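Small disclaimer: the values here were computed from a predicted structure and weren't measured. Lettering of chains follows the sequences in order, A, B, ..., and the numbering in each one begins at 1.
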2 protein chains.
Amino acid sequence: MSLKNPMLSHHISSQYNEDLQEVNAKFMSMGGLLEQQVTDAIHALLDADISLAVDVQYKEQAVNRLECEIDESLTIILARRHPAAIDLRMVIAMSKANTDLERIGDESAKIAGIAKTLCEEGGSARGFMEARHIGNQVRVMIHEALDAFARLDTEQALKVLRADADTDREYQSATRTLMTYMIEDPRQISRVLNVLWVLRSLERIGDHARNIAEQVIYIVKGLDVRHTSVDEIEKKVTEDTHKEQK
Amino acid sequence: MSLKNPMLSHHISSQYNEDLQEVNAKFMSMGGLLEQQVTDAIHALLDADISLAVDVQYKEQAVNRLECEIDESLTIILARRHPAAIDLRMVIAMSKANTDLERIGDESAKIAGIAKTLCEEGGSARGFMEARHIGNQVRVMIHEALDAFARLDTEQALKVLRADADTDREYQSATRTLMTYMIEDPRQISRVLNVLWVLRSLERIGDHARNIAEQVIYIVKGLDVRHTSVDEIEKKVTEDTHKEQK
């Protein structure tokens, strides 16, 4: 994924270009870090790897620092450069997506914490298959949402929105399965409940990936598609593209 | 709580003043709506009031619309008025806090949904005492966070941050209690799990109130106090106040 965004290189002021490219590069590297955090948190859980879990928790601080740095850079751009049109939408979208990335970091750290607890306790791996499955889904979602952001690709963004609807369904079904595990073997309640929290975190990560994808559509089309069904969004984006082509 | 913010009435352009006051009024009325949503969602659960639960779910749409409207107004202010210093911080903080308010709405709707399920199923009210207690705490937190925002009162904001630390502790302890309920009576697992989700939502609502309080400190002091301990924040705010007085 290139750290340089071609859509941002059209300004007369080269300082303006540099500012925007710099914050964009920082945002993309934050995105890459979060993708890794989610991957590592899931591996730490599934492979019972305590040191990897500790590593995820440690890197959470770097995520928090990056969040503050990116917001500071965006504020400076707003104060000095007065961006307009697509540039302003890019700055606003990056500020929103920055919050989502940091929350993905929070959820990853939570998963890592649970991975540590489960490692230390030992015992069965009930619910891990579900966690692996949904974990893979949301990893792909984050990757594709960030890729859509980097390339300002609304088609890719729509793909993420559709995937989120899938993930929500899988999460509902996995929750029901885990509940039957608890009822079948009440001695496992505390353990299965921990896996349930992991699934919940993964589902939240999927929501944040969806939010980032929605911001891509906002940047490119100027459409606020939050709280809108995927079918409706698809219709709006297609109509808008046709209008542009006329 | 006045809907007019005295700190925002110092601009030469009266149109600028009007724009800022208008979005501020919208933000405050959104805050009031969310305070009511949380209160109603908790009542719906505790009083087994299905029609109140349905009402909360219905009003979720109004919350979503307000979120979009506020963000749109903020974007127009950024594009046309190029706010600087405290005005710019106010616009940025309102944009962040707007997201937090909408998430509080999501959590309220989730609680309302669970209230409906529990009503329909009937049965014991295990865990309701904990929900009532934490529910009251977070309702006060939202009220005080919004009040701090309206009056730009950093002392009040600090109070909310301290309350959040309390709520997190109460939440941990309530979770443990509910887990013992499940182990004692596995037939109640599904029901207690639903109450556990309510507690989780309430804890998240507390986090959002905390986020809003942090934004108040950012507006007034220009300090980004996210990811900082309450003691550290208190020290920073006090130092900054002393500096101003010198």
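In this structure, CD on B:Glu67 lies 4.0 Å from CZ on A:Arg226, to the nearest 0.5 angstrom. Distance NE2/A:His227 to CZ/B:Arg65: 10.5 Å, rounded to 0.5 Å. Rounded to the nearest 0.5 Å, atoms CD1 (A:Ile189) and CG (B:Leu178) are 11.5 Å apart.
Using a 30° and 60° split on the angle between ring planes, A:Trp197 and B:Trp197 fall in the perpendicular class, above 60°.
For residues 122-131 of chain B, the set of pairs meeting the salt bridge (charged side-chain N to carboxylate O under 4.0 Å, His left out) definition, not counting sequence neighbours, comprises B:Arg126-B:Glu184.
Put simply, the side chain of B:Lys96 reaches to within 4.5 Å of the side chain of A:Ser95, judged on heavy atoms. Counting only heavy atoms from C-beta outward, the side chains of B:Ile92 and A:Leu78 approach each other to under 4.5 Å.
Using a 4.5 Å cut-off between heavy atoms, B:Asp207 makes no contact with chain A at all. With a 4.5 Å cut-off on non-hydrogen atoms, B:Asp106 does not touch chain A at all. With a 4.5 Å cut-off on non-hydrogen atoms, B:Arg200 touches chain A through its side chain but not through its backbone. For B:Ala84, no part lies under 4.5 angstrom from a heavy atom of chain A. Both the backbone and the side chain of B:Ile183 come within less than 4.5 Å of a heavy atom in chain A. For A:Arg176, no part lies under 4.5 angstrom from a heavy atom of chain B. The contact between B:Asp224 and chain A is made entirely by side chain atoms (from C-beta outward), counting heavy-atom distances below 4.5 Å.
Scanning residues 68-75 of chain A against chain B with a 4.5 Å non-hydrogen threshold yields A:Cys68, A:Asp71, A:Thr75, sorted by number.
The most heavy-atom pairs under 4.5 Å with chain A, out of B:Glu60, B:Arg103, B:Arg187, come from B:Arg103.
Evaluation of the salt bridge (Lys or Arg N to Asp or Glu O under 4.0 Å) rule for A:Glu102 yields no partner, not counting sequence neighbours. Remark: B:Arg169 engages B:Asp166 in a salt bridge (Lys or Arg N to Asp or Glu O under 4.0 Å) (not counting sequence neighbours).
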